[in-house]
Structures are given as structure tokens and as C-alpha cells.
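Notes follow the structure.
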Amino acid sequence: MNRWDDSVQKAADLAKSKEARVTELEAILGSSSKSEEETIESEFEGLFRQKIEAEVQYLALSKTTQNLRSATVDQLTLLEEQKTLASEQAQMVHVLGDAEAKVVALKPQNQEVGKLL
């Protein structure tokens with residue numbers, strides 16, 4: 001026999017083996033009791049329900065994660081705005097301090113001018 005004949009023979013043997021297994025499984029199914037079928041169906045339904053619950057939880061967690069990311073970005077933006085505002089306020093305090101110092105420095109000159117008038 002050549003290589004092809006061996007391959008065909010192996011394929012035929014495999015097909016016979018699979019056919020025998022199918023026949024065996026059909027016999028098991030045919031002999032299984034109604035309660036075994038109901039048990040298998042119940043287990044399948046339970047697994048299907050668990051799969052759906054897991055998908056729902058995944059979707060809920062995904063949405064929550066997305067919302068948290070969005071809120072984090074919003075908070076970071078607000079924090080940056082607050083930093084900018086605080087910096088501007090510090091500059092205004094500095095400008096006000098300079099103005100007060102000038103007023104104090106000019107007060108004697110103002111009094112002198114007032115005396116002259």
C-alpha cells in the first residue's frame with residue numbers, strides 16, 4: 001500500500017470509530033430517563049442564566065467605569081481651574097499690597113500738598 005491508501009484506511013477507521021461513538025451516544029440518550037433529561041436541561045438553563053447575569057454585570061461595570069473616568073476628568077479640570085483662580089488671587093493680593101505700600105509712601109507727600117493749599 002502507498003501513503004494515500006494508508007491515509008484513506010486511517011480516515012475510514014476514524015469514520016467507523018466516530019460512527020460507533022454516535023451510535024453509543026444515541027443509545028445512551030434513548031435509554032436516559034426523563035428525570036436525567038430534565039436534570040441536564042435544568043443545568044443548561046442554570047448555566048445560560050449565569051452567562052446572562054455575567055454579561056449584565058460586565059455591562060454595568062463597564063458603564064460605571066466609563067462614568068468614573070468621565071467624573072475623574074471633570075474633577076481634574078475643576079482642580080486645574082481652581083489652581084488658576086488661586087494663582088490669580090495671589091497675584092491680586094500682591095498687587096493690592098504694592099498699592100497699599102505706595103499709598104503709605106505717598107501719604108506724607110499728600111499731607112505736604114494739603115498744607116500748601
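All values below come from the heavy atoms of this structure, side chains included, with hydrogens, waters and symmetry mates left out. As the structure is a prediction and not an experimental result, all values here were calculated from the model.
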Carboxylate-amine/guanidinium contact Lys51 Glu55, below 4.0 Å: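 Counted as a salt bridge, because a side-chain N and a carboxylate O are separated by less than 4.0 Å.
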
Co-membership, hydrophobic cluster, residues Leu85 and Val93, 4.5 Å side-chain: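 In one cluster with Leu85: Val93, no.
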
Side chain Ser70, main chain Gln66, donor-acceptor under 3.5 Å: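 No.
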
Side chains of Gln82 and Leu79 in contact at under 4.5 Å (non-hydrogen atoms):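 Yes; the side chains approach each other to less than 4.5 Å.
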
From CG (Leu47) to CD1 (Ile52), nearest 0.5 Å: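 That separation rounds to 11.5 Å.
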
Separation between CD of Glu88 and NZ of Lys83, rounded to the nearest 0.5 Å: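 NZ of Lys83 is found 14.5 Å from CD of Glu88.
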
The single option from Glu81, Glu80, Gln75 passing side-chain contact (heavy atoms from CB on, under 4.5 Å) against Thr77: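 For Thr77, the side-chain contact (heavy atoms from CB on, under 4.5 Å) test succeeds with only one of Glu81, Glu80, Gln75, which is Glu81.
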
Other residues, nucleotides, ligands: >12 heavy atoms within 6.0 Å of Gln111 CD: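 Yes, enclosed.
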
Residue pair Leu59, Lys63: steps toward the side-chain contact (heavy atoms from CB on, under 4.5 Å) verdict: CA-CA 6 Å; Leu59 291 173; Lys63 183 66 175 171; over 6 Å; no

CA sep, side-chain torsions, deciding dist, call: Glu24, Arg21, salt bridge (charged side-chain N to carboxylate O under 4.0 Å, His left out): CA-CA 5 Å; Glu24 180 183 345; Arg21 181 69 178 145; 3.1 Å; yes

